[in-house]
Amino acid sequence: MDMNKSGRLVPYPSGAFIPERDLGNMPVLEARHLGIDFGGLTAVDDFSLTIGRTEIAGLIGPNGAGKTTVFNLLTNVYQPTRGNILVNGYSTAGKSTHQVSKMGIARTFQNIRLYSNLSVLDNVKVGLHNTLKESFFAAVTHGFGYGKAERVADSVALELLDFFSLADLAETAAGSLPYGAQRRLEIVRALATSPSILLLDEPAAGMNPSETAELMENIRRIRDNFHIAVLLIEHDMNLVMGICEGICVLNYGKIITKGTPDEIRSNPTVIEAYLGRKGASETC
């Protein structure tokens, strides 16, 4: 399937818009009227979002808009006060973060969360827990089945690292990698969980322009090669507008608009939310 050719947003029966190529397939993610309150303060209210199976989507908004809170709701770090979430058609209600991961959601964080003292290879192998199985007895005794599982894990992890040009650094301590490489490694570890959708929380934070350009290409490659959806929070509008097919704008915990990059770029409500006044659309 040509991912770019059929990326035009079209109506989905629920009233949402998804890429044309994803019509006929169940959305990978549906958030329905999500809300969460903290001590009487509403942090997110009536948040609804549908993501097609191979969509690259953006969640943007000013600082403090509630974007990371939404990610925490989608991964069940927080349990919603209202609403529900479906991953591949199944509700995440009452699930642990580990169970939600096994359902098909993987994420990265604003602040890199690698095991700094472990090797690059071992960091990726940590992420393989969803897909590679061995018995508890074999794991603790290094008995029958353990050696085979280790060889399979090494092979899969190295294949993922090679895809992101990190295989030559497999035995390097993760904490000693340059910043951009650490960001890539965190994405590789998330992909090792074999997700249906990858949530990226400010993946370009701290990157220079060349690293950001490489990130854009990598996100496209992830979608095209792994056939999964990507939802990203990002403040770099060049990245968002250059890669996202659908964009959701959040402000004060509420959605103020959804649309294509062209629609969002010229929306006066979005411009005002970012600038506190109308005009100067270059920020968006």
Side-chain angles (χ1 to χ4, degrees), residues 3-4 7-9 17-19 28-29 49 51-52 54-71 74 105-113 163-166 177-191 195 197-251 255-267 269-271 273-275 280-284:
M3 296 292 183
N4 293 318
R8 183 172 64 93
L9 295 183
F17 287 80
I18 63 174
V28 67
L29 177 69
L49 184 65
I51 304 293
T54 60
E55 182 176 354
I56 299 177
L59 178 61
I60 67 171
N63 288 328
K67 302 182 296 296
T68 295
T69 300
V70 167
F71 268 27
L74 296 179
I105 293 185
R107 74 176 289 186
T108 65
F109 296 84
Q110 289 178 1
N111 300 314
I112 294 173
R113 298 188 183 183
F163 187 81
F164 290 92
S165 303
L166 290 170
L177 294 178
Y179 181 83
Q182 288 191 36
R183 280 286 183 189
R184 273 185 289 152
L185 177 57
E186 192 174 38
I187 293 173
V188 174
R189 186 178 63 184
L191 286 172
I197 181 169
L198 178 61
L199 310 184
L200 302 177
D201 195 344
E202 297 194 31
M207 289 188 174
N208 61 42
S210 64
E211 290 172 331
T212 300
E214 182 183 26
L215 173 66
M216 290 179 67
E217 181 57 30
N218 281 333
I219 292 173
R220 290 192 184 96
R221 291 174 67 223
I222 288 168
R223 190 271 310 277
D224 294 349
N225 287 272
F226 293 91
H227 303 290
I228 64 174
V230 180
L231 174 62
L232 61 105
I233 293 172
E234 188 51 66
H235 288 289
D236 186 325
M237 289 299 103
N238 289 327
L239 171 61
V240 172
M241 298 298 171
I243 198 169
C244 292
E245 294 160 298
I247 299 171
C248 176
V249 187
L250 200 66
N251 197 23
I255 293 174
I256 58 175
T257 192
K258 302 174 188 175
T260 66
D262 285 342
E263 290 168 341
I264 297 301
R265 185 183 290 112
S266 60
N267 188 302
T269 305
V270 176
I271 296 166
Y274 270 90
L275 300 180
S281 62
E282 64 270 16
T283 300
C284 295

(message) Quick one: does any side-chain atom of E245 pair with a main-chain N or O of I56 as donor and acceptor, under 3.5 Å?
(response) yes
(message) Given 3.5 Å as the limit, does a donor-acceptor pair link the side chain of E55 with the main chain of P19, or not?
(response) no
(message) Rounded at 0.5 Å granularity, tell me how far CD1 in I243 sits from OG1 in T212.
(response) 11.0 Å
(message) Does any part of the side chain of M237, heavy atoms only, come nearer than 4.5 Å to the side chain of I60, both counted from C-beta?
(response) yes
(request) State the OG1-CD1 distance between T54 and I197, to the nearest 0.5 angstrom. (result) 11.0 Å
(message) I need the minimum non-hydrogen distance between I18 and G52, along with the two atoms involved.
(response) CG2-N, 3.9 Å
(message) Would you say CG of N225 has more than 12 non-hydrogen atoms from neighbouring residues, nucleotides or ligands within 6.0 angstrom?
(response) yes
(message) Treating R184 as the side-chain partner and L166 as the backbone partner, does any N or O pair qualify as donor plus acceptor under 3.5 Å?
(response) no
(request) Give the minimum heavy-atom separation between P62 and A273, together with the two atoms involved. (result) CG-O, 3.4 Å
(request) Indicate yes or no: at least one non-hydrogen side-chain atom of L200 is less than 4.5 angstrom from one of E234. (result) no
(message) I want to check something: taking the side chain as every heavy atom from C-beta on, are L191 and F164 in contact at a cut-off of under 4.5 Å?
(response) yes
(request) Without swapping roles, check the side chain of E186 against the backbone of R113 for a donor-acceptor pair under 3.5 Å. (result) yes
(request) Find the distance between CD1 (I219) and CD1 (I187) and round it off to the nearest 0.5 Å. (result) 6.0 Å
(message) I need the T257 OG1 to N251 CG distance, nearest 0.5 Å.
(response) 12.0 Å
(request) Check for a donor-acceptor pair, side chain of E211 on one end and backbone N or O of N208 on the other, with a separation under 3.5 Å. (result) yes
(request) Would you please name every residue forming a salt bridge (Lys or Arg N to Asp or Glu O under 4.0 Å) with D201, sequence neighbours left out? (result) R107
(request) Rounded to the nearest 0.5 Å, what's the gap from CG on N63 to NE2 on H235? Could you check? (result) 4.5 Å
(message) On a heavy-atom basis, which atom in I228 and which in P195 lie closest, and how many Å separate them?
(response) CG2-O, 3.2 Å
(request) With the side chain counted from C-beta on, respond yes when P261 and V240 share a heavy-atom pair under 4.5 Å apart, and no when they do not. (result) no
(message) Between R183 and L215, is there a side-chain heavy-atom distance shorter than 4.5 Å?
(response) no
(message) I'd like to check the side-chain hydrogen bond (donor to acceptor under 3.5 Å, both in side chains) partners of S165; sequence neighbours left out, ordered by chain and number.
(response) none
(request) Kindly say whether L250 contributes a backbone atom to a donor-acceptor pair with the side chain of K67 at under 3.5 angstrom? (result) no
(request) Search all heavy atoms of M241 against all heavy atoms of I247 and return the closest pair with its distance. (result) SD-CD1, 3.9 Å
(request) Please test V188 against F163 for side-chain contact (heavy atoms from CB on, under 4.5 Å), starting from the C-alpha separation and ending with a verdict. (result) CA-CA 9 Å; V188 174; F163 187 81; over 6 Å; no
(request) For residues V249 and T269, determine if any side-chain heavy atom of one lies less than 4.5 Å from a side-chain heavy atom of the other. (result) no
(message) Using side-chain heavy atoms (C-beta onward) and a distance below 4.5 Å, is L198 in contact with R223?
(response) no
(request) Output the distance between atom CD1 (I51) and atom CG (L74), rounded to the nearest 0.5 Å. (result) 9.0 Å
(message) Within the structure provided, determine whether L231 and F71 are in side-chain contact (heavy-atom separation under 4.5 Å).
(response) yes
